[in-house]
Amino acid sequence: MTELKTAWKQRVFAALRKIAQSGNLSADALSEDMIVAEFPPKPELGDIGFPMFSYAKIFRMNPAMLAVQIAAVLEPVQSEDGTALGVAKAVGPYLNVYFNREALSRHIFRNRTNFSQTPLAGRKVMIEFSCPNTNKPLHLGHLRNNVLGESLSRIMKTAGAEVQKVNLINDRGIHICKSMLAYQVYGGGRTPEDEGLKSDHFVGKYYVLFNTLKAEDPAAEEKAQELLRKWEAEDPEVMNLWKKMNAWAVDGIKATYARQGISFDRYYYESQTYMKGKEEILAGLERNIFYREEDGSIWANLEDIGLDRKVLLRKDGTSLYITQDIGTAIYRHSDWPFDQLIYVVASEQQYHFRVLFEILKRLGYEWAKDLYHLSYGLVNLPSGRMKTREGTVVDADDLIDELASLAQKEIAERERESAIDDAAQVAEKIALGALHYYLLQTSPIKDMLYNPEQSLSFTGNTGPYIQYMGARACSILRKFEKGEGNAGKGMVTPSKLSADADWMLVRRLLALQEAVELAARSKEPSVIAAYAHDLASDFSSWYRDNPVLASEDPDLSATRVELVKAVKAALEKICWMLCIPFLEEM
RNA sequence: GCGUUCGUAGCUCAGCUGGAUAGAGCGACGGACUUCGAAUCCGUAGGUCGCAGGUUCGAUUCCUGUCGGACGCACCA
């Protein structure tokens, strides 16, 4: 589809030049990338539309007239065997291309979701996401981050890129020490098993208990700092406790990843990377890229590009958050030389990344231009921002549990329990479908409102709707396999799909490649989510009005079965890209 | 104060590099299950695209200003 569009653009451009020559007009102002192609709003207007206005202006001609002239001289796009892949017609001030429906239906049957072109082929893309703290379990905000990172990596893979997914676990710092201190005071040596808690929730419980401790012991903050100093001095007792609690936290977090269906190719741990970067800063200081204040701290002055001054090393010589990020980026690039590194991090850190990228550029790393901050908005509740202190944080595991139990109730209400193998497992998958689709349908950059009522819905523009259409397609194909209907007696005949209703669905399938390219280029899984809904919706109205197995014409039935297979393949691929489990039945 | 960003139907969101009548879902109202699973489908109602200028043959889309919201501007992460 993408190549078809490109090919037609070239033809239109060639035709324009031809007209310019014969009319003795100047075509200097024309270039091929000026040719805009759009999607006509109605099926009778064809499959590609070229507005003539801008060229008409250059030629000082009536746009409708120009469209007629181009249609007359335009050479049609052909396939390798010489079949015309469409015809161009002038429709008012537009030149519209009508595809050869038979040829393109055949193309979809043959290739399904195997794209003829992958724009990111050969590119190495590293994607960093999730990056949890080890003092508490994941919450709704992490779920958005996780699914964004995983989905984007799958989309980029589909677009041909080689992707490496990385995670940086924030396993050190004062927040960890607070959980550790509270555990020392209140934990009594108990384990998560003793308390019957998932291990990361167990650690999180003690982090919350630190607030209680603070109320009881005014020196609590100071004691936590003391613990951090001991940790940095590698006090054996503290290290032991730290290792134990971190293992609990990380194990629990990984269990949530597994449940969500996301994974990483490589884990980095802050405790191993936080020292990195210091040498870089000192080397930069020698080269006068940075400067030293009287108190000994080291700074970068970025005022010339509208940013502020930024501390890079404390007066006592210790590292900061940004120091570590500088080191980690350098380390990663030498580790796996990427063409692009994408940081999936909330929008509140936009300034941090602008500073980080600029400093790496000043240090002379030419790949600094390949760093990209995929900034995404916060997930807010109707009552406002989630706040740990007010207990309004939506816990990730609890949320999935709730969705799954609701899905199971829905299955029971629809009396589907006997029809499916494992209702509990299907319910879990529906829950994830609902959750992930809900989180991905909004553009990443926008803050989103988490409306419990709406997100718990399984009808309408939702993940389960997409899953349902996949299941319906599978259901039809199962019946076909069993020999129901007359499709088995027919011959696949693509020319039978020339009716508008069939063609709309074929055309939608053709548009998948373009959607993937756009989603990969703009780093917006929401593009695929929108496409998923369009395809599912098209399929839904199509199979209602167009009998697949029971058509009177066996050839038409056989052909429509091929179309259903193509729809199923597309939905399966889309679901994978959106981290929505594909269901054969539900 | 400075910077970034968002502002489209009652609500939650789409709207591709400016283009043919601004689209979904939810909610409201009205229809469709002896016919491939009704988590579905069809129809009706609902929008001065925050506001004001500008560029353009043409602006929801680009520019400027303005109003409103969010976030950021730590020797925290």
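Only a predicted model underlies this, so the values are computations on that prediction, with no experimental measurement involved. Reminder, nothing fancy here: chain letters follow the sequence lines and each chain counts from 1. Just the heavy atoms: all of them, side chains too, but no hydrogens, waters or symmetry mates, feed the values below.
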### Message
Test your reading of the model: is there a side-chain donor-acceptor pair from Asn167(A) to the backbone of Cys131(A), 3.5 Å cut-off?
### Response
yes
### Query
Side chains of Ser271(A) and Asp171(A): donor-acceptor distance under 3.5 Å anywhere?
yes
Protein-nucleic acid N or O pairs under 3.5 Å, nucleotides 5-8 of chain B:
residue	atom	partner	partner atom	Å
rG7(B)	OP1	Lys446(A)	NZ	3.2

### Separation of the C1' atoms in rC2(B) and rG47(B), to the nearest angstrom
36 Å
### Task
Please state the P separation for the pair rA70(B) and rU12(B) - nearest whole angstrom.
15 Å
### Message
Between Glu348(A) and Arg385(A), does any NZ, NE, NH1 or NH2 come within less than 4.0 Å of an OD or OE carboxylate oxygen?
### Response
yes
## Note on the structure
In whole angstroms, the gap separating C1' of rA70(B) from CZ of Arg385(A) amounts to 9 Å
### Query
NA contact type, Ile430(A), heavy-atom cut-off 4.0 Å: base, sugar-phosphate, or nothing?
base
### Query
Roughly how far apart, to the nearest Å, are rG18(B) and rU60(B) at atom C1'?
10 Å
### Ion pair check, Glu221(A) and Lys214(A), cut-off under 4.0 Å
yes
### Query
Which string of ( ) [ ] | and . matches RNA chain B, if you list each base 5' to 3' and count Watson-Crick or G-U pairs only when both distances are under 3.5 Å?
(((((((..((((.....[...)))).(((((.......))))).....(((((..]....))))))))))))....
### Task
May I ask you to say what Asn62(A) touches in the nucleic acid, namely base, sugar-phosphate or nothing, with a heavy-atom cut-off under 4.0 Å?
nothing
### Task
May I ask you to say what Gln349(A) touches in the nucleic acid, namely base, sugar-phosphate or nothing, with a heavy-atom cut-off under 4.0 Å?
base
### Query
At under 4.0 Å between heavy atoms, what does Ser475(A) touch on the DNA or RNA strands: base, sugar-phosphate, or nothing?
base
### Query
Do we count Tyr465(A) as stacking onto rA39(B) if the rule is ring centres under 5.5 Å and planes under 30°?
no
### Query
When all nucleic acid strands are considered with a 4.0 Å heavy-atom cut-off, which category describes Ala37(A): base, sugar-phosphate, or nothing?
base
#### Entry: Nearest-nucleotide 5' precedence on RNA chain B, Ala407(A) against Glu38(A)
Glu38(A)
#### Entry: Electrostatic pair Lys429(A):Glu585(A) at N-O distance under 4.0 angstrom
no
### Task
Could you check whether Lys479(A) gets within reach of a base, just the sugar-phosphate, or nothing at all, counting any heavy atom under 4.0 Å?
sugar-phosphate
### Query
Is Glu226(A) salt-bridged to Arg229(A), going by a charged N under 4.0 Å from an acidic O?
yes
### First encountered from the 5' end of RNA chain B, between Tyr543(A) and Pro464(A)
Tyr543(A)
## Note on the structure
Checking rC16(B), rC36(B), rA24(B) against the side chain of Leu518(A) (C-beta onward), the nearest is rC16(B)
### Query
Between Tyr351(A) and rG3(B), do the rings stack, that is, sit under 5.5 Å apart with planes less than 30° off each other?
no
### Task
Please confirm whether Tyr465(A) and His533(A) have ring centers closer than 6.0 angstrom.
yes
### Query
Between Phe357(A) (CZ) and rU4(B) (P), how many Å, whole number?
17 Å
### side-chain contact (heavy atoms from CB on, under 4.5 Å) assessment of Glu128(A) paired with Val344(A)
CA-CA 6 Å; Glu128(A) 179 200 270; Val344(A) 182; over 6 Å; no
### Task
Look at all strands and tell whether Ile411(A) reaches a base, only sugar-phosphate, or nothing, counting heavy atoms closer than 4.0 Å.
base
### Message
Applying a 4.0 Å non-hydrogen cut-off, can you work out what Gln467(A) is touching in the nucleic acid: base, sugar-phosphate, or nothing?
### Response
nothing
### Task
Using a 4.0 Å heavy-atom cut-off across all strands, classify Ala471(A) as base, sugar-phosphate, or nothing.
base
